[in-house]
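Everything on this sheet refers to the single structure shown next.
Order of appearance sets the numbers: ligands from 1, and atoms from 1 within every ligand.
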Amino acid sequence: MTDPAPLAPGDTAGRPAPVLDWTVAGLADPVPLARALIQRQSMTPVDDGALDVLQAALETLGFSCRRMPFSQPGTPDVDNLYARLGAGGPHLCYAGHTDVVPVGHGWTRDPFAAEIEDGVLYGRGAADMKGGIACFVAAFARRLAEGGPPSGSLSLMITGDEEGPGLNGTKRMVETFAAEGEHIDDCIVGEPVNPDTMGEMVKVGRRGSLNVQLTVHGRQGHAAYPHRSDNPIPRLMDMLAALTAEPLDHGSEHFEPSTLVITSVDVGNPATNVIPGKATARFNIRFNDLHTGRSLVERLRDTILAVQKGRPGTVDMDATVQGESFLTPPGRLSDLLQGAAERVTGRRPEISTSGGTSDARFIKDIAAVAEFGLVGRTIHQADECAPLADLESLTEIYRQVIDGYFAA
Ligand SMILES: [Zn+2]
């Protein structure tokens, strides 16, 4: 089957009108809301009405909704939604995103039709993470029908800028809350952190990420007369050997060992008889809580300068810290998620800090954070999907967490 022709942003041809007339009973099933969200073509930074669909659902359940659009020069404007129910503490927040990554190639179905086939819901965002958002809304609709609103506050912090630059989304919302004194105690980030099966993993932190470009400068020359030039390649190889000779660490209580991965070595030299004037390598370090970006940069600099010492030429290092590592020590929220997941799925999720970054890196500045959502096996791929059975399990897990959280 050929790839579906991409629609221009905002082009709704052939797609159903947004669903905006929800009922509490209807929202107790996560599937209609998940489908309605998937049918909005909200590839970052386009929203295509996805937040309108969600806001209408949340207002049906009694939430007060506030749009928080942010913009800044050089980045696309992004709309975000903050919905809150109740006043005072404790305050449990659910954080997620309605934006999705581009379709890509290889789909065997329309990525925005939200078709259900053999008990599986297909579509861009089914797992990452429109499906997860629908489960949290459904969980609260069930709670509302059975036990009424909780005493305390429940909120949803939903961004349209998680898959993009991330500059006008959760980061700005968190900064605004801090400035306004909007206090949140605990936050579930609903990313699809289960690797293959529901109930495998709760994340309580993430490793940091550091990108480095190392350029060794020598002197260009003829390959037949190496004594007249300074070949930067052996020096670069010695530096990479020194950088990878020893592990960065052996892991910590809640983290795997940090890793250094060389991603590129480049001299840009098309000739066979020329010694190049410079050689460049790039590498990425995923680091645990035994380091900071700054301490790692200092360590790298010491290693590189020790190799360079006494040799001709120069070297420069360009390092960018993409995010520091962070950890919310396992506690009440991760206990509630583990207990509920075990009761619903029969598996007790392991506590993990593996994987890439998420918006939890911003939220951890204002609240205790744990991440739990659907299964991530198909995210960012063609034919992204979520089994309906997983949507039901996650809804029930979230409902038990809400009950447990507000029972105390
Ligand atoms: Zn996501």
Problem set entry | Identity of the N, O or S atom of Asp128 lying closest to the Zn ion (ligand 1) | OD1
For this session: Establish, yes or no, whether a centroid distance under 6.0 Å links the rings of Phe287 and Phe255.
Result: no
Exercise. If we ignore angles and hydrogens, is there a donor and acceptor under 3.5 Å between the side chains of Arg84 and Ser153?
Worked result: yes
Exercise. Can we say Arg35 and Glu115 salt-bridge, meaning some charged N sits less than 4.0 Å from an Asp/Glu carboxylate O?
Worked result: no
For this session: Ignoring hydrogens and angles, state whether a donor on the side chain of Asn284 or Thr263 is under 3.5 Å from an acceptor on the partner side chain.
Result: no
Exercise. If you check every N/O/S atom of Glu191, which is the one nearest the Zn ion (ligand 1)?
Worked result: OE1
For this session: Measure from the Zn ion (ligand 1) to every N/O/S atom of His97 and report the name of the nearest one.
Result: NE2
